[in-house]
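The next block holds one structure in the form of structure tokens; read it before the comments.
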There are 4 protein chains.
Amino acid sequence: MTRARLETFADGVFAIAATLLIIDVGVPSQLDEPLTTALLHLWPQYFAYVVSFATIGVMWVNHHRVMRQLERVDEPFVFLNIGLLLCIAFVPFPTRLLAEFVRTDDGNAAAVLYGITMTATAVFFGSVWLYAAYGGRLLHPDADPKMVSGITRSYAPGVPIYATAMLVGFVSAEASALLYGLIILFYMVSSAAFGSDQE
Amino acid sequence: MTRARLETFADGVFAIAATLLIIDVGVPSQLDEPLTTALLHLWPQYFAYVVSFATIGVMWVNHHRVMRQLERVDEPFVFLNIGLLLCIAFVPFPTRLLAEFVRTDDGNAAAVLYGITMTATAVFFGSVWLYAAYGGRLLHPDADPKMVSGITRSYAPGVPIYATAMLVGFVSAEASALLYGLIILFYMVSSAAFGSDQE
Amino acid sequence: MTRARLETFADGVFAIAATLLIIDVGVPSQLDEPLTTALLHLWPQYFAYVVSFATIGVMWVNHHRVMRQLERVDEPFVFLNIGLLLCIAFVPFPTRLLAEFVRTDDGNAAAVLYGITMTATAVFFGSVWLYAAYGGRLLHPDADPKMVSGITRSYAPGVPIYATAMLVGFVSAEASALLYGLIILFYMVSSAAFGSDQE
Amino acid sequence: MTRARLETFADGVFAIAATLLIIDVGVPSQLDEPLTTALLHLWPQYFAYVVSFATIGVMWVNHHRVMRQLERVDEPFVFLNIGLLLCIAFVPFPTRLLAEFVRTDDGNAAAVLYGITMTATAVFFGSVWLYAAYGGRLLHPDADPKMVSGITRSYAPGVPIYATAMLVGFVSAEASALLYGLIILFYMVSSAAFGSDQE
């Protein structure tokens with residue numbers, strides 16, 4: 001397996017998962033209110049679409065940051081990536097549920113499932129990176145140690161942050177959803193700062 | 001992030017968003033008229049499919065024109081692109097609504113939403129270009145200044161044109177839809193002329 | 001626009017259109033017969049899936065054969081390609097209708113629409129090639145004239161063949177569907193022979 | 001046809017088929033139980049999603065292993081690949097049926113169809129490899145004979161293993177589904193071992 005072909009496959013899954021999100025945005029086929037009203041009531045769907053699209057986008061950016069440090073890939077690394085992509089491709093399902101149920105009594109279950117998905121994704125992301133950097137010795141020989149430990153540090157909070165937002169979902173679906181949005185906003189801002197620092 | 005991987009991801013989203021449009025073209029599962037009649041009544045769906053596919057195609061061509069001028073990309077540029085792709089991937093939703101509602105009382109809401117999506121896309125497109133050319137200094141050192149100001153000029157009318165067609169949607173959904181078609185026809189003709197001039 | 005990026009976008013549309021075909025294969029959600037029986041009754045769907053997948057596959061092979069002869073691409077060529085891809089991405093819709101209606105009174109409409117789609121695709125395919133080879137002078141300077149006229153000859157029958165199968169659809173949907181299958185079988189056999197001759 | 005463009009197309013179909021699997025995971029639109037309960041009852045869907053995603057992932061890894069041995073591709077090889085991709089793109093359909101029916105009286109039909117699909121895929125996979133290695137003489141002149149016969153040996157059990165799991169489906173859908181999961185787990189473990197041995 002070459003790095004290039006893994007990137008093609010991964011880019012495909014990231015792009016498809018993000019673009020499929022729109023399939024689930026929709027108005028009921030039997031409208032019992034004007035379309036304008038129906039569209040305004042859809043705001044949880046727009047919110048979920050934007051948050052999940054941005055989340056997948058940020059993960060794609062981070063995936064590239066990992067890949068760029070590698071000299072080679074091996075089979076265990078590829079299978080960890082398939083696990084990561086399996087989580088990414090799963091995102092449209094909890095997104096759909098969160099959009100549909102966030103304002104109902106079933107919102108907690110949807111918010112928690114969304115959080116479980118994100119936490120699992122973060123676990124796989126961490127595993128992919130830790131295996132590449134430490135377990136599998138896949139890094140470029142001249143990879144900057146400060147860069148490597150910087151990436152390790154920047155991925156460390158992913159799991160506890162998403163696990164916390166997931167736990168909040170047991171209490172309030174709306175608060176949990178808001179947290180998912182804030183997390184990704186924070187990632188985009190800090191990633192832009194981190195990235196422009198490096199390139 | 002390299003230019004090449006951003007292009008792969010962007011090409012993926014453009015291609016998927018365009019190809020997903022066909023999912024929403026369909027006849028009712030309970031036909032109460034001959035299929036021939038039903039297929040002839042579908043013309044708003046064919047129109048919306050062609051206009052949105054061509055619009056995404058033209059945007060893809062323009063995205064490439066932008067990318068070709070760049071020496072490098074940075075993280076803010078990548079995030080602006082994710083915003084742009086988020087709008088592109090959203091297009092199937094207003095397309096579906098416009099096709100379904102254009103000839104009903106709810107047509108105005110659909111036409112306006114389509115216009116809002118296109119205007120937002122144009123805003124992001126302009127931002128992507130202005131950041132690349134002026135804010136982020138990402139251009140090739142030897143990029144032709146005439147070419148650069150030519151692109152800036154050619155993108156300038158995007159936002160006001162789509163905003164106007166959107167406003168027309170408040171008055172007449174059909175007129176607004178027709179405008180969306182004419183705009184993209186005009187872009188294709190002028191782009192072909194502009195492009196063959198340059199290459 | 002470079003040849004490489006046009007190929008990436010085109011490959012994406014070909015691959016997505018082919019893979020989306022499976023979405024439309026399905027059993028009714030309310031089964032009133034054993035699943036085994038329902039699956040056996042689905043054979044028009046399997047047939048339509050295989051024929052359309054193979055058709056898109058053959059067109060992708062031929063698209064590559066065209067692209068390989070080119071030294072460069074220009075904007076009119078790109079827009080002709082967008083027209084071609086618009087037809088390719090449309091294929092899942094008539095495929096779905098043909099599979100659903102071929103054995104009903106509405107079969108003729110479905111078979112004719114399938115034929116119209118294929119004929120339009122063949123028209124665009126011919127236009128793409130004729131523009132590349134003769135109108136736009138995009139060929140490699142050292143392209144083999146025998147190869148060029150061989151491709152021209154091999155694409156010439158596409159439009160009349162599909163137009164004939166479409167006209168048959170007015171009389172018999174089943175005969176028309178059978179012809180679509182035979183056409184693509186013939187193309188695969190002759191393409192394999194032609195291709196191994198050349199490479 | 002070049003190896004590179006066949007890989008792009010194949011990677012696209014693998015990535016899309018895998019990512020489309022999530023479309024079929026869903027809760028009924030009319031929930032008559034709490035969402036939490038509904039989500040827990042969905043475990044056959046999660047199982048089917050994970051097994052099919054991993055299966056497509058492993059096949060993608062193996063496809064790359066085949067391609068890496070090749071010096072060139074020819075048209076018969078490309079058409080065998082289209083047949084293989086046709087099977088891969090079909091996987092979402094039996095996956096959906098297996099997830100929906102595994103615990104009902106119709107489970108046997110679903111498990112058998114899943115097995116037929118996997119067996120056909122294994123037949124095409126074997127044909128692709130045997131043609132490349134022996135029939136079409138497409139290998140690199142310096143391909144390691146031990147590697148070549150190693151791949152031949154490792155693909156040999158695919159058809160009988162999947163055919164056996166398919167036959168088990170006539171007796172017990174659950175046992176058959178469990179076998180599909182175990183097969184892919186075994187492939188991942190042995191592939192990781194085989195792969196790290198080679199690279």
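Note that the coordinates shown come from a computational prediction; the quantities given were computed from them, not determined experimentally. Order of the sequence lines fixes the chain letters, A, B, ..., with proteins taken first and strands second; residue numbering starts at 1 for each chain. We use all heavy atoms of the structure for the numbers below, so side chains are in, but hydrogens, waters and symmetry mates are not.
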Self-check item: Electrostatic pair A:E7-A:R68, nearest N-O below 4.0 angstrom
Solution: no
Exercise. Show your reasoning for whether side chain to side chain contact (heavy atoms under 4.5 Å, CB included) applies to D:L97 and D:Y114.
Key: CA-CA 8 Å; D:L97 293 180; D:Y114 195 94; over 6 Å; no
Quiz prompt | Contacting region of A:F90 [heavy-atom separation from chain D under 4.5 Å] | solution = both
Quiz item: Which region of A:A15, side chain (C-beta onward) or backbone (N, CA, C, O), has a non-hydrogen atom less than 4.5 Å from a non-hydrogen atom of chain D, or is it both or neither?
Solution: neither
Quiz item: What part of D:I16 lies closer than 4.5 angstrom to a heavy atom of chain A: side chain, backbone, both or neither?
Solution: both
Quiz item: Counting distance only, does the side-chain N/O of A:S52 pair as donor-acceptor with the main-chain N or O of A:Y49 below 3.5 Å?
Solution: no
Self-check item: Proximal component of D:L31, with respect to chain A [non-hydrogen, under 4.5 Å]
Solution: side chain
Quiz prompt | chain A contacts, top residue of D:A38, D:G26, D:A54 (heavy-atom pairs, under 4.5 Å) | solution = D:G26
Quiz item: Between the side chain of A:R3 and the main-chain N/O of A:V73, is any donor-acceptor distance below 3.5 Å?
Solution: no
Practice problem: Decide ring-ring contact (aromatic ring centres under 6.0 Å, His included) for D:F14 and A:F9; before the verdict, give the C-alpha distance in whole Å, the side-chain angles of both, and the deciding distance to 0.1 Å. | Solution: CA-CA 8 Å; D:F14 280 109; A:F9 184 72; 7.2 Å; no
Quiz prompt | Option that, when pairs with chain A are counted at under 4.5 Å, heavy atom only, ranks first among D:T19, D:T36, D:V58 | solution = D:T19
Quiz item: Measuring heavy-atom distances to chain D, does A:L85 have an atom under 4.5 Å in its side chain, in its backbone, in both, or in neither?
Solution: both
Exercise. For the residue pair D:H63 and D:N81, confirm or rule out a side-chain donor-acceptor distance under 3.5 Å.
Key: yes
Self-check item: Heavy atoms of other groups near A:F186 CZ, more than 12 under 6.0 Å
Solution: no
Quiz item: Top residue by heavy-atom pair count (under 4.5 Å) with chain D, among A:V13, A:I88, A:N108, A:L86?
Solution: A:L86
Quiz item: Where on A:I82 is there a heavy atom nearer than 4.5 Å to chain D: the side chain, the backbone, both, or neither?
Solution: both
Quiz item: chain A heavy atoms under 4.5 Å from D:L40: which part of the residue, side chain, backbone, both or neither?
Solution: neither
